[in-house]
Amino acid sequence: MIQSIDLRSDTVTKPTDGMREAIASAEVGDDMWGEDPTVNELERRMAELLGKEAALFACSGTQSNQLGVWAHCRAGDELLIHQDGHIANYEGGAPAVLHGVTCRIFSGVGGMFEVADVESVLHPVDQHFPMSRLVCFENTTNKGGGRVWPLDQFLSVSQWSQQQGYKTHLDGARFFNACVGGGYEPAELVPHIDTISICFSKGLGCPFGSILVGSQADIDTARRGRKILGGSLRQAGIGAAAAIYALDHHIDKLAEDHRHARMLAEQISGIDGLNIDLDAVESNLVFFDVEESAGTAEQLVMALLSRGVKVLALGNQRIRACTHLDISEQEIQDSVKAVKEAMSTGLANVKMQESHPYAYR
Ligand SMILES: Cc1ncc(COP(=O)(O)O)c(C=O)c1O
C-alpha cells in the first residue's frame with residue numbers, strides 16, 4: 001500500500017524548513033499593545049497589496065470572516081450569501097451565535113452569482129423584515145466547486161452591492177488561488193469590497209493565521225471584536241513570520257497545485273462510474289461524483305482510505321479532493337491508480353465504519 005496521500009484539504013500542509021526558520025528567527029513583541037513588529041509588517045503589507053487602509057491578523061479564517069461580519073452588522077441584521085457559502089454552512093452558525101445576524105441565501109452557478117440572484121431574495125425595507133446589511137462573496141468558492149470568479153462578473157456584482165447601500169465582504173480563504181487562477185492582481189479584484197478575509201493556513205502552507213483587510217474604521221471595529229472573542233494574541237509575530245514567508249515563497253507554487261488538480265481531474269474523467277465536469281476545475285479543488293449505480297461517496301472514501309489515499313465525501317455522491325504544497329506529481333499519479341483500482345474492484349463490499357472521520361456534508 002502507498003504511504004498516506006492526504007487530499008482532504010490544503011489545511012493539512014506542514015510548515016516547510018524555510019518557514020520554520022522564519023518562525024524561529026521572527027522579531028516579536030506584544031501584539032495586544034501593537035508592539036509586534038512582524039505582525040505590524042504583515043498587516044501593513046497586506047493592506048498595501050490590496051489597496052486598503054489597514055489589516056488585522058487573526059487566528060483562523062472563521063475568525064477573520066466573523067470579524068468582517070462584526071465590522072458591518074448588528075443584531076437583527078441579515079447578510080446575503082450564496083447557499084453554498086462557508087459563512088452560512090461551516091462556521092457553526094456563528095453569524096447567529098455571535099452577532100444575532102441571520103443568513104438569507106440565494107443560488108448561483110458554482111458558488112458564484114449575478115445581481116439577479118441576489119435580487120431574487122430581496123424584500124422591502126419594512127419593520128417586518130431583518131435589515132439586509134451585507135453581501136458576502138467567496139473566491140475561490142469551496143463548496144461551490146473550487147470556482148474562480150471571472151473578474152468582470154465579480155466587479156459588477158460587488159459594485160452593484162455597494163451602490164445599493166450594502167456592505168461587502170469577501171471570504172478569500174483561497175484568495176491567492178483565485179488571483180493565480182483568474183490571472184488578476186490582488187488589488188484589482190477588491191475595489192468594491194469593504195472587508196477581505198484571507199487565509200495563510202490553506203494553500204500557502206502556514207500552521208495557522210488569517211487576515212482581515214479593509215478601511216481603518218472597519219479594522220478598528222474588528223480589532224475590538226477580536227479582543228472580545230479572545231483572539232488577540234501576544235507574540236503573534238511567530239505566526240505573522242510564517243505568513244510573510246508564504247507571501248514571498250509560496251504564492252508562486254499555487255500554479256503547480258492547480259496543474260496537479262487538472263491532471264487529477266483529467267484522469268478521473270476517464271474512470272467508469274465517476275462523473276466530473278472538467279470545465280469546472282479551475283483551482284486546487286477537484287469535485288467529482290460517484291454514479292449511484294456504482295456506489296456512494298462514503299464507500300469510495302473508505303475504499304481509498306484502505307489504499308492510503310484520503311479524500312472527503314461532501315454529499316451522498318460527491319467527493320472533494322484538494323491538491324496542495326505537500327502533494328507531488330507522483331502522488332497524483334498514485335492517487336489516480338488507487339481510484340482506478342477501487343472503482344474496478346467495485347464499491348459494494350467496501351467495509352464501512354458507522355462514522356468515519358473523512359465524511360461531512
Ligand atoms: C471558503 C472558506 N472560508 C473560510 C474557511 C475557514 O477557515 P478556518 O478553517 O481557518 O477557520 C474555510 C476553511 O476551509 C474555507 O474553505
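What you are looking at is a predicted structure, and each value in this text was computed from that prediction instead of being measured. Atoms within a ligand are numbered from 1 in the order they appear, just like the ligands themselves.
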### Query
For the atom pair CG (L229) and CG (L67), what is the distance rounded to the nearest 0.5 Å?
6.0 Å
For ligand 1, which of its N or O atoms have a protein N or O partner closer than 3.5 Å, and how long is each gap?
{"unit_1": "ligand 1", "atom_1": "3 (N)", "unit_2": "D171", "atom_2": "OD1", "d": "3.1"}
{"unit_1": "ligand 1", "atom_1": "3 (N)", "unit_2": "D171", "atom_2": "OD2", "d": "2.6"}
{"unit_1": "ligand 1", "atom_1": "7 (O)", "unit_2": "K202", "atom_2": "NZ", "d": "2.9"}
{"unit_1": "ligand 1", "atom_1": "10 (O)", "unit_2": "G61", "atom_2": "N", "d": "2.9"}
{"unit_1": "ligand 1", "atom_1": "10 (O)", "unit_2": "K202", "atom_2": "NZ", "d": "3.3"}
{"unit_1": "ligand 1", "atom_1": "11 (O)", "unit_2": "G61", "atom_2": "N", "d": "3.4"}
{"unit_1": "ligand 1", "atom_1": "11 (O)", "unit_2": "T62", "atom_2": "N", "d": "2.8"}
{"unit_1": "ligand 1", "atom_1": "11 (O)", "unit_2": "T62", "atom_2": "OG1", "d": "2.6"}
{"unit_1": "ligand 1", "atom_1": "16 (O)", "unit_2": "N142", "atom_2": "ND2", "d": "2.8"}
{"unit_1": "ligand 1", "atom_1": "16 (O)", "unit_2": "R174", "atom_2": "NH1", "d": "2.9"}

### Query
Salt-bridged, K14 to D6, with N to O below 4.0 Å?
no
### Query
How far does OG of S215 sit from CD of E53, to the nearest 0.5 angstrom?
5.5 Å
### Query
Charged N to carboxylate O under 4.0 angstrom, K202 versus D10?
no
### Query
Would you call K253 and E256 a salt bridge, using N to O less than 4.0 angstrom?
no
### Message
Between E341 and K337 (salt bridge meaning N to carboxylate O under 4.0 Å), is one present in this structure?
### Response
no
